[in-house]
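Worksheet: one structure, shown below.
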Amino acid sequence: DGQSWLSIHLYVCIGFKRVPILLALLRLVDGNSANAVREAVVTMVEHHTGLKPDEVSQRLMCFGADGMTVFQGCKNGMGVQLKEYVAPFVFVIHCFAHRTNLAVEPLSNLPIVKKLEDLCQICYSYFSHNSKRHLEFQKLADVVETEGLAILRNVKTRWISLMEPLKRIMGEYKTLIVKMCEDAAVKEPEM
């Protein structure tokens with residue numbers, strides 16, 4: 001809708017385990033400049049944690065975001081502003097999942113990777129848009145002795161999501177082959 005939204009998560013350590021907490025999903029009505037984003041983040045952190053500004057400066061250790069200039073800009077980005085106005089010792093990082101996805105993205109141009117992505121898309125589309133077909137697939141899975149789990153979608157914006165859909169296809173391979181052969185036999189009239 002052309003509006004800017006900001007998802008603010010806070011990670012805390014509880015029993016040596018990193019626990020994510022969604023603080024807010026905000027619509028930025030005053031624009032999406034680094035100033036507006038900084039104010040929104042600091043306000044939400046203070047509001048939801050009950051920390052005073054000087055406590056935030058002592059406890060805010062790391063800030064991670066994607067590579068947009070608003071966040072990573074070296075002169076006036078969010079990270080620079082956090083260091084200057086809020087927490088001078090904050091460690092600013094470019095999200096590792098996002099960086100990895102950017103590094104892996106060119107692999108989609110390789111023919112073998114393109115074929116694997118197409119396979120995932122075709123299998124997902126074949127079963128996700130037809131509830132009767134999916135139900136038949138699940139019943140057939142009992143006979144073929146697979147789990148009958150739904151075929152997963154490869155979502156390119158979900159950072160390196162190809163592996164899980166491929167694992168699912170391989171786990172349901174026998175059922176997929178039998179179901180596709182059955183469907184192909186129904187479409188071709190017997191002579």
Applying side-chain contact (heavy atoms from CB on, under 4.5 Å) to Q121 and not counting sequence neighbours gives S125
Tell me, do [X] and [Y] make a side-chain contact under 4.5 Å, heavy atoms counted?
| X | Y | result |
| --- | --- | --- |
| L166 | C120 | yes |
| T146 | L140 | no |
| K115 | L119 | no |

Nearest 0.5 angstrom please: [X] [atom1] to [Y] [atom2], how far?
| X | Y | atom1 | atom2 | value |
| --- | --- | --- | --- | --- |
| I151 | Y126 | CD1 | OH | 12.0 Å |
| L51 | Q58 | CG | CD | 9.5 Å |
| L116 | I169 | CG | CD1 | 8.5 Å |
| N130 | F137 | CG | CZ | 13.0 Å |
| L107 | I112 | CG | CD1 | 12.0 Å |
| C123 | K179 | SG | NZ | 13.0 Å |

Under 4.5 Å between side-chain heavy atoms, counting indirect links through other Ile/Leu/Val/Met/Phe/Trp/Tyr residues: same cluster for [X] and [Y] or not?
| X | Y | value |
| --- | --- | --- |
| I21 | V45 | yes |
| V113 | M170 | no |
| V80 | V86 | no |
| L162 | L110 | yes |
| V19 | L23 | yes |

Taking [X] for the side chain and [Y] for the main chain, is one N or O donor matched with an acceptor at less than 3.5 Å?
| X | Y | value |
| --- | --- | --- |
| R153 | Y124 | no |
| E172 | L149 | yes |
| R168 | A150 | yes |

Discussion item. For R133 and E136: C-alpha separation, side-chain torsions, deciding distance, then whether salt bridge (Lys or Arg N to Asp or Glu O under 4.0 Å) applies.
Written reply: CA-CA 5 Å; R133 191 178 292 153; E136 291 170 352; over 6 Å; no
- Task: Would you please test N35 and Q81 for side-chain contact (heavy atoms from CB on, under 4.5 Å) and show each step?
- Result: CA-CA 8 Å; N35 293 339; Q81 290 197 14; 2.6 Å; yes
- Task: Run the numbers on L176 and F127 for side-chain contact (heavy atoms from CB on, under 4.5 Å), then give the verdict.
- Result: CA-CA 10 Å; L176 285 168; F127 291 101; 3.3 Å; yes
Applied to residues 39-54, the side chain to side chain donor-acceptor pair (under 3.5 Å) test, sequence neighbours excluded, yields none
Closest non-hydrogen atoms of M44 and A24, given as atom of the first, atom of the second and distance, are SD-CB, 3.5 Å
Quick test of your reading of the model: are E117 and K114 salt-bridged, counting only N-O distances below 4.0 Å? no
